[in-house]
Q: 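Dropping the structure in here first, questions after.
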Protein chains: 2
Amino acid sequence: MKQISSRFSVAVHILSLIAVSPKECTGDFIADSVNTNPVIIRKIMGMLKKAGLVEVRPGVGGASLLKDPDQITLLDVYRAVDVIEDGQLFNFHDEPNQDCPVGRNIESALRSELRDAQSAMEQRLAQVTLDQLTVQFH
Amino acid sequence: MKQISSRFSVAVHILSLIAVSPKECTGDFIADSVNTNPVIIRKIMGMLKKAGLVEVRPGVGGASLLKDPDQITLLDVYRAVDVIEDGQLFNFHDEPNQDCPVGRNIESALRSELRDAQSAMEQRLAQVTLDQLTVQFH
DNA sequence: ATTGTAGTAACTACAATGGTTACAACGGAG
DNA sequence: CTCCGTTGTAACCATTGTAGTTACTACAAT
């Protein structure tokens, strides 16, 4: 059983921290809150930066959001840390035997169902914004 | 990026084969259609057997379904090959810092959203039955 | 008894993950 | 201009899940 990488939950954690305490958000400060290594944070911050979600200040340190927290969805974060590429949540055994009626037809039939299932999950993520999470942090 | 194991798609392939050509379904025949090693098939068949989906005849060989194809959903198969355990599609970074307001609260807030997203995907799988797939195999 | 099959154990190769150390590049503050 | 804390990377490493393979035992019908 292999799960979706914790990069995703860490990325949400990072963005939440920046939203809540924008002043003190150096890599080390964030790493302390997430409870991991600062390099992990920097790598994920790099992905968030590349996705246009945050701005990082090299040298002096610190980061800020490039979008309002109510404009950042969990799906945006999920895509930013490319925990899953495009439509590929489900792995499919490759090259089933084309001489067999099942082998020949199962791929397209099953893939389309799996795509729909993945899409249902992602659309659920799209409905949650960062500020819907952060308002819960008292 | 790590995908859900192809055990799942192979399991669906196996069950489809049994539904379509129940006579000739030895491990080697199935392995040829799936295009993999017979041992892989036997392992997955063992999981399907344990889940009460199929019956396997040791010695003589062959297998048959224990439920009607319209009573077997993709979710049943997904659970049978325990590609994901219970509510754990998403991995969560463990032990965020409890001294930080974000670290203290993010886990429960985010986990509940992720559980809902996973559930949306699984409920989509529950809507597809084996015979809805096999009717597409001409 | 022979034969073909299922059931397993043990092993390999590979890839993704999470983490670590080390170091260069950067930008203010003194 | 120099120092210092920070960001940005590269290079590793250990662990884990996956997929496959070989080899062997157990089984059931002929």
Side-chain angles (χ1 to χ4, degrees), chain A residues 1-11 13-14 17-18 22-32 34-51 54-64 81-85 88-96, chain B residues 1-11 13-14 17-18 22-32 34-51 53-64 78 81-85 88-96:
Chain A
M1 203 275 312
K2 197 69 180 183
Q3 302 170 299
I4 290 178
S5 168
S6 66
R7 271 203 306 279
F8 179 36
S9 65
V10 172
H13 192 143
I14 292 173
L17 266 181
I18 299 176
K23 311 303 280 183
E24 39 202 350
C25 279
T26 66
D28 287 31
F29 172 81
I30 297 175
D32 186 55
V34 172
N35 192 21
T36 185
N37 191 292
V39 178
I40 303 291
I41 301 298
R42 287 181 224 152
K43 282 181 187 167
I44 298 178
M45 296 267 282
M47 293 178 171
L48 297 175
K49 189 172 69 172
K50 196 180 300 178
V54 300
E55 180 183 45
V56 182
R57 285 178 293 277
V60 55
S64 47
V81 297
D82 58 45
V83 81
I84 293 296
E85 57 194 24
Q88 304 297 308
L89 173 61
F90 295 91
N91 195 1
F92 196 92
H93 58 288
D94 39 81
E95 303 179 6
Chain B
M1 202 273 315
K2 197 64 181 185
Q3 303 168 298
I4 289 178
S5 168
S6 66
R7 271 202 308 280
F8 180 36
S9 66
V10 172
H13 191 142
I14 292 173
L17 267 179
I18 300 176
K23 310 302 281 183
E24 40 202 349
C25 279
T26 66
D28 287 32
F29 173 81
I30 298 175
D32 186 56
V34 172
N35 193 19
T36 184
N37 190 291
V39 179
I40 303 290
I41 302 298
R42 288 180 223 151
K43 283 181 188 168
I44 298 177
M45 296 267 279
M47 292 178 173
L48 297 176
K49 191 172 67 170
K50 196 180 301 179
L53 296 177
V54 302
E55 179 183 47
V56 182
R57 283 178 295 278
V60 55
S64 47
Y78 167 94
V81 298
D82 56 46
V83 81
I84 293 297
E85 57 195 26
Q88 306 294 309
L89 173 60
F90 295 92
N91 195 0
F92 197 93
H93 57 289
D94 38 82
E95 303 179 5

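The sequence lines fix the lettering, A, B, ..., with proteins before strands; numbering per chain opens at 1.
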Q: What is the separation between atom CD1 on B/Ile41 and atom C1' on C/dA6, rounded to the nearest whole Å?
A: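 After rounding, the gap between these two atoms is 13 Å.
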Q: Between B/Asp82 (CG) and D/dT18 (C1'), how many Å, whole number?
A: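 Going from B/Asp82 (CG) to D/dT18 (C1'), I get 13 Å.
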Q: Which whole-number value in Å describes the distance from B/Lys49 NZ to C/dT8 C1'?
A: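 Distance check: B/Lys49 NZ to C/dT8 C1' gives 11 Å.
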Q: Hunt down the Watson-Crick or G-U wobble partner of D/dA29, both distances under 3.5 Å, from any strand shown, or write none.
A: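 Pairing partner, where one exists within any strand: C/dT2.
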Q: Both A/Lys2 and A/Val56 contact DNA chain D. Which one's nearest nucleotide lies toward the 5' end?
A: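 Closest to the 5' end, via its nearest nucleotide, is A/Val56.
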Q: Select from A/Pro58 and A/Lys43 the residue whose nearest nucleotide in DNA chain D is closer to the 5' end of that strand.
A: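 Comparing both residues, the 5'-ward one is A/Pro58.
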Q: So, for B/Ile18 and B/Ala63, which heavy atoms are closest and what is the spacing to 0.1 Å?
A: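 Residues B/Ile18 and B/Ala63, closest heavy atoms: CG2-O, 3.7 Å.
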Q: A/Met47 CE to C/dG18 P: how many Å, rounded?
A: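 My rounded result for the distance is 10 Å.
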Q: Does B/Ser5 make a side-chain N or O approach to OP1 or OP2 of D/dG17 shorter than 4.0 Å?
A: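 Negative; the distance criterion is not met.
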Q: Applying the Watson-Crick and G-U wobble criteria at under 3.5 Å, what pairs with D/dC3? Answer none if nothing qualifies.
A: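 Matched D/dC3 with C/dG28 under the 3.5 Å cut-off.
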Q: Looking at D/dA19, I'd like to know if its phosphate oxygens (OP1 or OP2) sit under 4.0 Å from a side-chain N or O belonging to B/Thr36.
A: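 False: B/Thr36 side-chain N/O out of range (4.0 Å or more) of D/dA19 OP1/OP2.
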Q: What's the CD1-P distance between A/Ile44 and D/dG8, to the nearest Å?
A: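 Answer to the nearest Å: 13 Å.
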Q: Which of these nucleotides, D/dG20, D/dT6, C/dG7, is closest to any side-chain atom of A/Thr26?
A: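 In terms of side-chain proximity for A/Thr26, the closest of D/dG20, D/dT6, C/dG7 is D/dT6.
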Q: A/Ile40 has an atom CD1; how far is it from atom P of D/dG8, in whole Å?
A: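 So the CD1-P distance, A/Ile40 to D/dG8, works out to 15 Å.
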Q: Any base atoms under 4.0 Å from A/Gly46, or only sugar-phosphate, or nothing? Heavy atoms, all strands.
A: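 Counting heavy atoms under 4.0 Å across all strands, no contact is made by A/Gly46.
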Q: Hey, what do you get for CG (A/Asp94) to OG (B/Ser9), rounding to the nearest 0.5 Å?
A: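 Rounded to the nearest 0.5 Å, the CG-OG separation comes out at 9.0 Å.
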Q: Got a second to check how far A/His93's NE2 is from B/Ser5's OG, nearest 0.5 Å?
A: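 Answer for the NE2-OG pair, A/His93 versus B/Ser5, is 11.5 Å.
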Q: Return the nearest nucleotide to the side chain of B/Val39; candidates are D/dT21, C/dT20, D/dA19.
A: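 The answer is D/dT21.
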Q: Closest-nucleotide mapping onto DNA chain C: is A/Gln3 or A/Asn37 further toward the 5' terminus? I mean the 5' end.
A: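 The residue closer to the strand's 5' end, by nearest nucleotide, is A/Gln3.
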Q: A/Arg57 CZ to C/dA25 C1': how many Å, rounded?
A: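 Rounded to the whole Å, the gap is 18 Å.
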Q: In this structure, how many angstroms lie between the P atom of D/dA19 and the CZ atom of B/Arg7, rounded?
A: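 From B/Arg7 CZ to D/dA19 P: 7 Å.
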Q: How long is the span from the CG atom in A/Leu17 to the CZ atom in A/Phe29, to the nearest 0.5 Å?
A: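 The distance works out to 5.5 Å.
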Q: Hey, does A/Pro96 have a side-chain heavy atom less than 4.5 Å from the side chain of B/Asn35?
A: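 No - every pair of side-chain heavy atoms lies 4.5 Å or more apart.
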Q: Side-chain donor or acceptor of A/Arg42 under 3.5 Å from a matching atom on the base of D/dT9?
A: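 Per atom types, the contact qualifies.
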Q: So B/Gly59, base contact, sugar-phosphate only, or nothing? Heavy-atom distance under 4.0 Å.
A: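 The answer is base, as B/Gly59 lies within the cut-off (heavy atoms under 4.0 Å) of a base atom.
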